[in-house]
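What follows is a short report on a single structure.
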Amino acid sequence: GPRRSVELMSSASASTEPTETRETLTDTPLPVAMSVGIVCSLIGYLYSKCLKCGFNVLWETIPTALFRESAGAGGGLLSVIAKHPSMYIPLVVT
């Protein structure tokens, strides 16, 4: 009867967990969480593409251009790189 419903209501309100905490657990709807996940994965994908492009430029395009141009160079740093290609790595790292 009515007395029982009052007891249920009072026991629910006497919970040790604050009402605010119980409400915040369900505040974030699933579509918002999914859209955040999609945006984060898209940013990660684009970042990996940028890293791949930078890697190709640093370790393929620039050395190929340097060695091609320095083959006919008479002196200087380009001729040193042409004679000792392993010097390119310390120059890049430094």
Side-chain angles (χ1 to χ4, degrees):
R3 185 171 186 203
R4 185 174 183 180
S5 64
V6 170
E7 289 173 2
L8 290 175
M9 289 175 60
S10 66
S11 68
S13 64
S15 174
T16 58
E17 217 176 275
T19 308
E20 296 173 10
T21 307
R22 282 185 279 154
E23 288 176 4
T24 55
L25 293 177
T26 58
D27 273 351
T28 307
L30 186 61
V32 172
M34 289 174 56
S35 61
V36 167
I38 290 170
V39 167
C40 288
S41 65
L42 200 75
I43 290 171
Y45 175 77
L46 293 174
Y47 181 66
S48 71
K49 291 297 179 183
C50 289
L51 283 178
K52 181 180 179 182
C53 181
F55 180 84
N56 287 339
V57 167
L58 184 63
W59 297 111
E60 292 177 9
T61 306
I62 293 175
T64 303
L66 281 176
F67 298 145
R68 191 177 317 133
E69 291 176 11
S70 63
L77 182 62
L78 292 179
S79 65
V80 171
I81 292 176
K83 292 176 185 171
H84 307 285
S86 61
M87 291 300 295
Y88 178 73
I89 295 172
L91 287 173
V92 169
V93 174
T94 305

Only pairs under 3.5 Å count here: list side-chain donor-acceptor contacts from residues 37-57, not counting sequence neighbours, and write none if there are none.
{"from": "Ser41", "atom 1": "OG", "to": "Gly37", "atom 2": "O", "distance (Å)": "3.3"}
{"from": "Ser41", "atom 1": "OG", "to": "Ile38", "atom 2": "O", "distance (Å)": "2.8"}
{"from": "Ser48", "atom 1": "OG", "to": "Tyr45", "atom 2": "O", "distance (Å)": "2.6"}
{"from": "Asn56", "atom 1": "ND2", "to": "Lys52", "atom 2": "O", "distance (Å)": "3.4"}

Nearest atoms (heavy-atom pairs only) where Ile62 meets Tyr88: CG2-OH, 3.4 Å
Sidechain-backbone polar pair: Ser35 side chain, Val32 backbone, donor-acceptor under 3.5 Å: yes
Do Thr64 and Trp59 come within less than 4.5 Å of each other through their side chains, counting heavy atoms only? no
Joint cluster assignment, Met87 & Val93, ILVMFWY side-chain distance < 4.5 Å: no
